[in-house]
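Have a look at the structure below before the remarks.
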Amino acid sequence: MSEALIVIDVQNDFCPGGALAVAGGDEIVPVVNRMIEAFDTVVLTQDWHPAGHSSFASTHPGRNPFETIEMPYGPQTLWPDHCVQGTPGALFHRDLVWNRGQIVIRKGFRAAIDSYSAFRENDHETPTGLAGYLRERGIARLTLAGLATDYCVAFSALDARTEGFDVTVRLDACRAIDLGGSLATMLERMREAGVTLA
Ligand code: VGL
Ligand code: ZN
């Protein structure tokens, strides 16, 4: 049974000094680099928003980052502007050794819809194509690492389970945003979905 490493959003804006910095986000880079070396199949994701993206608080007059609004597809947390296409904040962390990555899945590129998951956008419908890519390559087992544990990593892990993959999240190679208890909530949801938390 073939396996793949999925490296989620190890980008400057999610590291200290970035627009949506995750505490200790840069600490995972050496750990992730060792994992990249150890896997034959390596996939990376890149949060990749157009300027004025609907998940940015700045797009909604009178709204502040970390508030929640109702979107046509359900509740959406508002974020500071981050990972804008072509900006330094959207680049992978400079110490991430990503040469061995075989495909980069960009997500969140539609202005009207956010995408935490590497598999489905936040309407839980629109696919990114990653499940088909992995299945066509005969991959059944996934190991996830990256940022942030309770958003993009967790939603990717849950969707991967729904798509029928065997999923392990390497918590030592992840860091969380932890907004209003989101880390505990998402760890429990992952456990219930049969994700192995390592
Ligand atoms: C993420 C919030 C907004 C993440 C991306 O990578 O976890 N979180 N966009
Ligand atoms: Zn984003």
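Hydrogens, waters and symmetry mates play no part in the numbers below; they use all other heavy atoms, side chains included. Every number for a ligand or one of its atoms is a count from 1 in the order of the listing.
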Going by an N to O cut-off under 4.0 Å, is there a salt bridge joining [X] and [Y]?
{"X": "D26", "Y": "R175", "result": "no"}
{"X": "E37", "Y": "R34", "result": "no"}
{"X": "R110", "Y": "E121", "result": "yes"}

So which heavy atom on L183 is nearest to which on D178, and how close? N-OD1, 3.1 Å

For ligand 1, give me the residues whose heavy-atom distance to it is below 4.0 Å, by chain and number please.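 Correct list: D9, F14, L20, D47, W79, H82, Y116, L147, A148, Y151, C152, I177.
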
Is there a path from V43 to F155 through hydrophobic residues (I, L, V, M, F, W, Y) whose side chains come within less than 4.5 Å of each other?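 Yes, it is one cluster - the side chains of V43 and F155 are joined through contacts under 4.5 Å.
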
Hydrophobic clusters here meaning ILVMFWY residues chained together by side-chain heavy-atom distances under 4.5 Å, can you tell me if Y116 and Y73 are in one?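 No, Y116 and Y73 fall in different hydrophobic clusters.
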
Counting backbone and side-chain atoms alike, is an N, O or S atom of [X] positioned under 2.8 Å from the Zn ion (ligand 2)?
{"X": "H82", "answer": "yes"}
{"X": "D9", "answer": "no"}
{"X": "H49", "answer": "yes"}

Output the atom name for the N/O/S atom of D47 with the smallest distance to the Zn ion (ligand 2).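 Going by distance to the Zn ion (ligand 2), the closest N, O or S atom in D47 is OD2.
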
Without placing hydrogens or testing angles, list every side-chain donor-acceptor pair under 3.5 Å for residues 84-98, not counting sequence neighbours.
residue: Q85; atom: NE2; partner: W48; partner atom: O; Å: 3.3
residue: T87; atom: OG1; partner: V84; partner atom: O; Å: 2.6
residue: H93; atom: ND1; partner: D95; partner atom: N; Å: 3.0

Can you confirm whether E70 is buried at CD, in the sense that more than 12 heavy atoms of other residues, nucleotides or ligands lie under 6.0 Å from that atom?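 Enclosed.
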
